[in-house]
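To start, the structure itself, in structure tokens.
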Amino acid sequence: MLLGTVLVLLLFSGAPASAHAALRSTDPDDGSVVQRAPRHLTLTFTESVGLLDDSFRVFGPDQRRVRTGEAQHADGRSETARVGLPGKLAQGTYTVAWRVVSADSHPVSGAFTFSVGKRSATTAQVDTGPDEDPLTGGLYDAARYLAYLAAALLVGTVAFALLCRPGDTSPLRRPLVAAWWTLLGSTAVLLMLRAPYETGAGPAAAFDLSALERTLTGRPGLALLARLAVLLLTAAFLLRLSRRPDHQEPLMRAVGATLAVALALTWAAAEHASAGIQVPVAMTSSVLHLVATGVWLGGLVALLLTLRRASVDVLTEVVPRFSRIAFASVTVLAVTGLYQSWRGLGSLDALTGTSYGRLLLAKLVAVTALLLAAGYSRRWTARLAAPAATARTAVPERVPQPVGVGASAQPEEPGESGESGASRATGEAGEPGEPQKPSGASEPAAPGAGEEDTRRRGLRRSVLVEVAVAAVVLLITTLLTTTLPGRAQAEAAQRSPVGALPPTTLVTVPFDTGGSTGTLSGRGTVQVTLDPARVGENGVQAVVYGADKGLVVVPEVRITFTLPSRKVGPIDAGLTDAGGYWSTNSVNLPLAGTWTMKTTVRVSDVDQVTVSKQVRIVP
């Protein structure tokens, strides 16, 4: 039913939005040829972006980096990025690699090309620097996961102590301290790794003071600083709670709720909820989702610890209370989760066609398993609480008394004291031949005590399963927060003409004519560059290399394009000898799809060969 509701909501989703910045346009256009060298490069995104010291890297036709000015926003618009270029640029093709930070704190990067005067004869693969350092990314993601776990444990344990009132809270002190220190340490690590995470550098860059200073002035850095401040206030609150747990209980609950909301805001203000459509609603939903997650999942750990030490009388009061709180938390999670799924996916196809959608399906499966375990725990909860309810409603039994002991509550009549005393003596000693009960002997175990222990163990096992599945749910949640949402991915595909690195298609075509002519053997390769490999006019350059990897001159190179699925072609590229390479700038490929490119190389009047390769033409 929950999955069905998600699908219904997805079917009626409409307004476009993004939670990662998508590149909307570039100036100059990607793949364009301009007659005059531009003075600036301008990128326009679908949402506001943050700029880095190295947001632009421009490489010339000789593959050397071009000196540029400082990146800034064009005309003060936060959704743009602009950089100045030198006054004179040589003719040829330039590669521009860019990297910015989207409003939801995640770095976004890409590349595009433009040419001045004419395209370069060849477009080689340009090393534009790392997209992300794997060690930095791994450490950053690990710290994020630990922060989620610690926050859930901290919020849930405090909520359990204040709302369920277990009496003895000593079993909860150690996890509380561990959660606080873990959240503090992981937040500090995130703050230090923020700069190298944004730039794609190694962990050593975390000790660059200038980079750290830039981090502390950006929104993600400010959110992490705010989290540290909330943690300091939380420490003072926990000290007060440990010393006087029952002092002004409503006030302590209000303060605890305020701190939990403030802690959740440090996540919501710097992640997916802070960008895109309906930001106020999304922020509220995200805060409620995070707090409910902590109350439920962190409370499960607190319940598991309480089950080990608390008496049955305490458990019969505490467990039903937590069961009601957990049910309310699950309700909040269901409502907010549906909203966030709709907002992040944007369409039904994204549920299976994007990484975000597939992760969301995995989370849905894990949450379903968690709910099944929770339902099993509720049955054990009902069994554990049943004896207490019976004890409160049952009428006390009348215990048969030995003869002579006052069977009634009436006072003794005068003169009967001796008889009564004798009777009491007889009653204490027992009838002749009966075993006497030793003085101070304990009463036999109450019937049902073993059954209560069985119920306690059953509940503890089911809660342990819930805790294990909850850890998996939090892991998937961490991955979701770093994954491009399906709605943003669709918007990027519709609005952005760029993103590949490089945007041109470079195809290496080996050939072997089986013979040789003069100094030219019959074997070699043709490097074919198709630019921009999109529907419409394309430029094609072909360079022939011999078996020794050196440039060679051949009598003819001919290239044709065919789209078998639409029965289009062959379209002759019409290459002309440009002095050392073969080229054309006017091949019109009218449809998107996988085209068959046939390259014919003639090395003599009788020796030639044709080789087919598949090339992808995008809209």
Side-chain angles (χ1 to χ4, degrees), residues 22-26 28-33 93 95 110-115 118-125 347 349-350 352-354 489-513 524-545 554-578 581-603 608-619:
L23 184 59
R24 179 178 294 170
S25 63
T26 66
D29 291 336
D30 180 24
S32 64
V33 179
T93 300
T95 301
F112 68 97
T113 64
F114 71 95
S115 301
K118 64 178 182 179
R119 292 184 176 89
S120 298
T122 59
T123 304
Q125 192 87 4
S347 67
D349 293 337
T352 56
T354 64
Q489 184 172 329
E491 184 177 4
Q494 293 174 358
R495 296 185 178 182
S496 172
V498 299
L501 181 63
T504 58
T505 296
L506 181 63
V507 182
T508 300
V509 182
F511 67 89
D512 186 355
T513 62
T525 59
V526 182
Q527 282 194 355
V528 181
T529 302
L530 186 62
D531 184 14
R534 292 191 174 90
V535 171
E537 294 291 331
N538 283 266
V540 180
Q541 293 84 35
V543 182
V544 183
Y545 295 90
V554 297
E556 183 182 12
V557 176
R558 186 171 68 253
I559 295 179
T560 61
F561 295 90
T562 305
L563 184 59
S565 62
R566 303 292 292 273
K567 297 182 179 180
V568 176
I571 298 174
D572 192 344
L575 299 179
T576 59
D577 189 353
Y581 67 96
W582 297 77
S583 176
T584 182
N585 290 326
S586 57
V587 180
N588 185 18
L589 302 177
L591 298 172
T594 301
W595 290 70
T596 299
M597 182 181 72
K598 291 185 177 181
T599 303
T600 300
V601 181
R602 182 167 64 86
V603 298
Q608 71 177 34
V609 66
T610 300
V611 181
S612 297
K613 286 280 188 178
Q614 304 296 315
V615 294
R616 178 70 178 169
I617 303 299
V618 298

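- Listed by first and then second residue, the salt bridge (Lys or Arg N to Asp or Glu O under 4.0 Å) pairs involving residues 555-564 are E556-R558, E556-R602 (not counting sequence neighbours).
- In terms of the side-chain hydrogen bond (donor to acceptor under 3.5 Å, both in side chains) criterion, S583 has no residue partners (sequence neighbours excluded).
- Separation of atoms CD1 (I559) and NZ (K598) is listed at 13.5 Å; rounding is to 0.5 Å.
- Across every non-hydrogen atom of P555 and W582, the tightest pair is O-CH2, 3.3 Å.
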I'd like to know whether N585 forms a side chain to side chain contact (heavy atoms under 4.5 Å, CB included) with Q541, so could you lay out the CA-CA distance, the side-chain angles of the two residues, the decisive distance to 0.1 Å, and finally the verdict.
CA-CA 8 Å; N585 290 326; Q541 293 84 35; 3.9 Å; yes
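- A search for side chain to side chain contact (heavy atoms under 4.5 Å, CB included) contacts involving T584 returns V540, A573, L575, S586, V587, not counting sequence neighbours.
- Closest non-hydrogen pair, P28 versus F112, comes out as O-CE1, 3.8 Å.
- Separation of atoms NZ (K613) and OG1 (T596) is listed at 12.0 Å; rounding is to 0.5 Å.
- T562 pairs by the side-chain hydrogen bond (donor to acceptor under 3.5 Å, both in side chains) definition with nothing, not counting sequence neighbours.
- In this structure S32 satisfies the side-chain hydrogen bond (donor to acceptor under 3.5 Å, both in side chains) test with no other residue, sequence neighbours excluded.
- Proximity of a side-chain donor or acceptor of D30 to a complementary backbone N or O of T113 within less than 3.5 Å is detected.
- Considering only residues two or more places apart in sequence or on other chains, F561 meets the ring pair (Phe, Tyr, Trp, His ring centres under 6.0 Å) condition with none of them.
- Summarising the geometry of L563 relative to W595, their closest heavy-atom pair is N-CE3, 3.6 Å, with the distance given to 0.1 Å.
- Here CG of L589 is found 6.5 Å from CG of L530. Values are rounded to the nearest 0.5 Å.
- Remark: T600 engages T610 in a side-chain hydrogen bond (donor to acceptor under 3.5 Å, both in side chains) (not counting sequence neighbours).
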